[in-house]
Amino acid sequence: MTAEMAAPAWMHEQITAEQYESWSEEQCAGIEIVDGMVVVSPSASKRHNRLARILANALESAAGPDWNADTDFDVRLQDVPLTNRRPDVVVYRADTIDITPTRPEHVLLVVEVVSPGSETTDRIVKTDQYAKSGIAFYWRVEQAATGVPLVYTYVLDPASRAYRDGEVFTGVVKVSAPFAVEVDLGRI
């Protein structure tokens with residue numbers, strides 16, 4: 001087996017924003033670009049996808065007409081070197097729905113559901129990247145062995161561009177500002 005058969009050449013070279021934008025939606029699915037390099041993520045489990053969908057639906061209904069909550073699309077953190085992350089849930093300004101790419105200034109909250117293999121990236125790397133890009137809120141959802149997820153919340157300190165710890169929720173998430181959200185995660 002040749003190297004090209006195992007991984008196409010474009011996975012070994014830095015990708016520019018222009019190159020990435022020329023790719024089809026199918027080519028972009030399941031990948032992120034970090035410092036210009038393609039990072040392939042394994043397919044998420046049904047439990048992971050269900051949890052993301054439940055959170056997105058609850059956030060969408062609580063957000064009101066000014067905000068949307070969706071899953072599975074890129075957030076462009078920087079253009080050079082290109083860094084596109086694909087959070088599990090994104091809450092973004094409704095008036096930016098047709099603007100591509102979605103940028104940090106459009107986003108209020110990103111949620112990452114931790115899966116086996118993504119622990120370090122979701123706990124450390126993405127936390128730092130989202131904070132440095134100025135996204136106000138970050139939630140990390142851990143799927144506990146008990147089946148009841150833990151939700152760790154973080155709030156951006158704009159002066160330091162770092163997150164400070166918020167509350168930790170288990171079973172039911174209740175958030176008052178900027179949303180009035182109550183999500184029962186105990187059924188996941």
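These numbers come from a predicted model, not from an experiment. Residues: numbered from 1 along the sequence shown.
Contact check for Arg76 versus Glu21: side-chain heavy atoms found under the 4.5 Å cut-off. Under the 4.5 Å side-chain criterion, counting only non-hydrogen atoms from C-beta, Phe73 is not in contact with Thr100. In this structure, His106 and Val75 have side chains that are not in contact, with every pair of non-hydrogen atoms separated by 4.5 Å or more. No side-chain heavy atom of Glu32 sits under 4.5 Å from any side-chain heavy atom of Asp74. Taking the side chain as every heavy atom from C-beta outward, Ile31 and Trp23 approach each other to under 4.5 Å. Lys126 has its side chain out of reach of Pro87: every pair of non-hydrogen atoms, C-beta onward, lies at least 4.5 Å apart. Taking 4.5 Å as the limit, every side-chain heavy atom of Val89 sits out of range of all side-chain heavy atoms of Trp139. Looking at heavy atoms from C-beta onward, Glu112 lies out of side-chain contact with Val141 at the 4.5 angstrom threshold.
With values rounded to the nearest 0.5 angstrom, Asp70 atom CG is found 9.5 Å from Asn57 atom CG. Arg103 CZ to Thr96 OG1: the interatomic distance, rounded to the nearest 0.5 Å, is 12.0 Å. Interatomic distance, Lys132 NZ to Leu156 CG, rounded to the nearest 0.5 Å: 11.5 Å. Note that CG of Asp66 and CG of Asp95 are 8.0 Å apart. Values are rounded to the nearest 0.5 Å.
A donor-acceptor pair is defined here as one N or O able to donate and one able to accept, closer than 3.5 Å; no such pair exists between the side chain of Thr121 and the backbone of Ser118. A donor-acceptor pair under 3.5 Å is absent between the side-chain atoms of Glu25 and the main chain of Cys28, judged by distance alone. Checked by atom type and distance alone, the side chain of Thr83 pairs as donor or acceptor with a backbone atom of Asp35 at under 3.5 Å.
Annotation for Arg140 and Val114: closest pair CG-CG2, 3.5 Å, computed over non-hydrogen atoms. The two atoms that bring His48 and Ala44 nearest to each other are ND1-CB, 3.2 Å, heavy atoms only. In terms of heavy atoms, Ser133 sits closest to Leu77 at OG-CD2, 3.6 Å. Residues Ala131 and Ala162 share a closest heavy-atom pair of CB-CA, 3.9 Å. Pairing each heavy atom of Ala94 with each of Pro65, the nearest pair is CB-O, 3.4 Å. Minimum interatomic distance between Pro149 and Leu51 (heavy atoms only, all atoms of both residues): CG-CD2, 4.0 Å.
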I'd like to know whether Thr153 forms a side-chain contact (heavy atoms from CB on, under 4.5 Å) with Phe137, so could you lay out the CA-CA distance, the side-chain angles of the two residues, the decisive distance to 0.1 Å, and finally the verdict.
CA-CA 7 Å; Thr153 65; Phe137 300 94; over 6 Å; no

Check your understanding: Going through the distances and angles, do Ile33 and Val38 end up as a side-chain contact (heavy atoms from CB on, under 4.5 Å)?
Key -> CA-CA 5 Å; Ile33 309 292; Val38 174; 3.7 Å; yes

Could you walk me through whether Asn49 and Arg53 pass the side-chain contact (heavy atoms from CB on, under 4.5 Å) check?
CA-CA 6 Å; Asn49 290 338; Arg53 185 174 38 80; over 6 Å; no

_Stepwise side-chain contact (heavy atoms from CB on, under 4.5 Å) test for Leu109 and Tyr138_ = CA-CA 6 Å; Leu109 164 71; Tyr138 174 61; 5.7 Å; no

task: Dump the intermediate steps for salt bridge (Lys or Arg N to Asp or Glu O under 4.0 Å) on Asp72 and Arg86, then the final yes or no.
output: CA-CA 6 Å; Asp72 198 31; Arg86 194 173 277 256; 3.0 Å; yes

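Val80 and Val34 are assigned to two separate hydrophobic clusters, defined by single-linkage of ILVMFWY side chains at heavy-atom distances under 4.5 Å. A single hydrophobic cluster is not seen to contain both Val125 and Val113; linkage of ILVMFWY side chains at heavy-atom distances under 4.5 Å, directly or through other members, places them apart.
Here the two rings, on Tyr152 and Tyr163, have centers that are 6.0 Å apart or farther.
Residue Tyr92 is tested with Leu108, Ile97, Ile99, Ile135 for a side chain to side chain contact (heavy atoms under 4.5 Å, CB included); the sole match is Ile97.
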